Amino acid sequence: MDNIYREIILDHFKNPRNFGKMKNPDANAYENNPFCGDKIEIDVKIKNKEQRTKNRIIEDIKFRAEGCAISMASASMLTERVLGKNIKDIKKLNTEDILEMLGITLTPTRLKCALLPLEVLHKTLALVKSI
Ligand code: FES
């Protein structure tokens with residue numbers, strides 16, 4: 001079973017989805033992994049951004065990264081997962097969700113790689129509050 005997940009991770013690493021830069025994003029943030037210096041940056045476009053409490057969804061998302069296979073794949077899979085979803089629900093995503101998404105066992109060092117995109121996404125969405 002692990003092999004299927006490894007193939008999926010490799011595919012996302014080689015062909016990252018939603019990779020690139022967005023023109024005029026509604027929010028943008030980046031973060032680096034202090035252990036290796038790799039970094040990820042995320043741009044988002046928010047639908048209904050003027051509504052402060054509900055129905056705000058990610059209508060577009062892009063990421064750029066310099067990172068290992070795990071961080072790149074995690075970012076790619078995460079962007080696919082959250083596209084079109086409500087911000088309120090996305091803010092609830094946690095470590096377990098990322099592990100489930102990747103489907104493989106990770107060492108503590110690799111876990112930091114896997115969680116970097118989620119960290120950046122949370123940081124980006126925290127900025128949406130002030131739009
Ligand atoms: Fe740098 Fe994984 S080794 S993010």
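Remember, it's a predicted structure, so these values are computed and weren't measured experimentally. Numbering starts at 1 and runs along the sequence shown.
With hydrogens and angles disregarded, no donor-acceptor distance shorter than 3.5 Å links the side chain of Asp43 to the backbone of Pro25. With hydrogens and angles ignored, the 3.5 Å screen pairs no side-chain donor or acceptor of Ser71 with any backbone N or O of Cys113. Panel note: side chain Ser76, backbone Met72; no donor-acceptor pair is recorded below 3.5 Å. Between the side chain of Arg110 and the main chain of Pro108, no donor-acceptor pair closer than 3.5 Å is present. In terms of modelled atom types and a separation under 3.5 Å, the side chain of Lys91 and the main chain of Ala126 share no donor-acceptor contact. For the pair Asn94 (side chain) and Asp97 (backbone), a donor-acceptor distance under 3.5 Å is present.
Between Lys47 and Asp26, none of the side-chain N atoms (NZ, or NE/NH1/NH2) sits under 4.0 Å from a carboxylate O, so this pair counts as no salt bridge.
The two residues Pro117 and Ile40 come nearest to each other via the heavy atoms CG-CD1, 3.5 Å. Of all the heavy atoms in Leu106 and Ala114, the pair that sits closest is CD1-CB, 3.6 Å. Annotation for Val128 and Ala27: closest pair CG2-CB, 3.9 Å, computed over non-hydrogen atoms. Shortest non-hydrogen contact noted between Ala69 and Phe13 is CA-CD1, 3.4 Å.
The distance from atom CG of Leu115 to atom CG of Leu99, rounded to the nearest 0.5 Å, is 6.5 Å. If you take CD1 on Ile8 and CE on Met77, they are separated by 6.0 Å, rounding to the nearest 0.5 Å. The CZ atom of Arg81 sits 15.5 Å away from the CZ atom of Arg17 when rounded to the nearest 0.5 Å. In this structure, the separation between CD1 on Ile9 and CD1 on Ile4 is 12.0 Å, given to the nearest 0.5 Å. Here the straight-line distance linking atom CD of Glu31 with atom CG of Leu118 works out to 12.0 Å at 0.5 Å rounding. For the atom pair CD1 of Ile90 and CD1 of Ile57, the computed distance is 9.0 Å after rounding to the nearest 0.5 Å.
The environment of OH in Tyr30 is sparse: at most 12 heavy-atom neighbours from other residues, nucleotides or ligands sit within 6.0 Å. Around the NZ atom of Lys14, the shell of radius 6.0 Å holds no more than 12 heavy atoms that belong to other residues, nucleotides or ligands. The environment of CZ in Arg64 is crowded: more than 12 heavy-atom neighbours from other residues, nucleotides or ligands sit within 6.0 Å. Under a cut-off of 6.0 angstrom, the local environment of NZ in Lys45 is crowded, with over 12 non-hydrogen atoms contributed by other residues, nucleotides or ligands. Atom CD of Glu66 has 12 or fewer heavy atoms from other residues, nucleotides or ligands within 6.0 Å.
Side-chain atoms of Val120 and Thr124, non-hydrogen and from C-beta on, do get closer than 4.5 Å to each other. Side-chain contact between Leu127 and Val44 is absent, with no heavy-atom pair separated by less than 4.5 Å. In this structure, Thr95 and Leu111 have side chains that are in contact, with non-hydrogen atoms separated by less than 4.5 Å. With a 4.5 Å cut-off on side-chain heavy atoms, Leu93 and Leu78 count as touching.
Cluster membership check: Ile87 shares its hydrophobic cluster with Val82, using side-chain heavy-atom separations under 4.5 Å among Ile, Leu, Val, Met, Phe, Trp and Tyr. Note on Leu83 and Met22: separate hydrophobic clusters, where clusters join Ile, Leu, Val, Met, Phe, Trp and Tyr whose side-chain heavy atoms are under 4.5 Å apart, directly or indirectly.
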Step-by-step side chain to side chain contact (heavy atoms under 4.5 Å, CB included) determination, Ile61 to Ile42:
CA-CA 7 Å; Ile61 183 164; Ile42 293 180; 4.0 Å; yes
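In the model, Asn28 has a side-chain atom that pairs as donor or acceptor with a side-chain atom of Glu41 under 3.5 Å.
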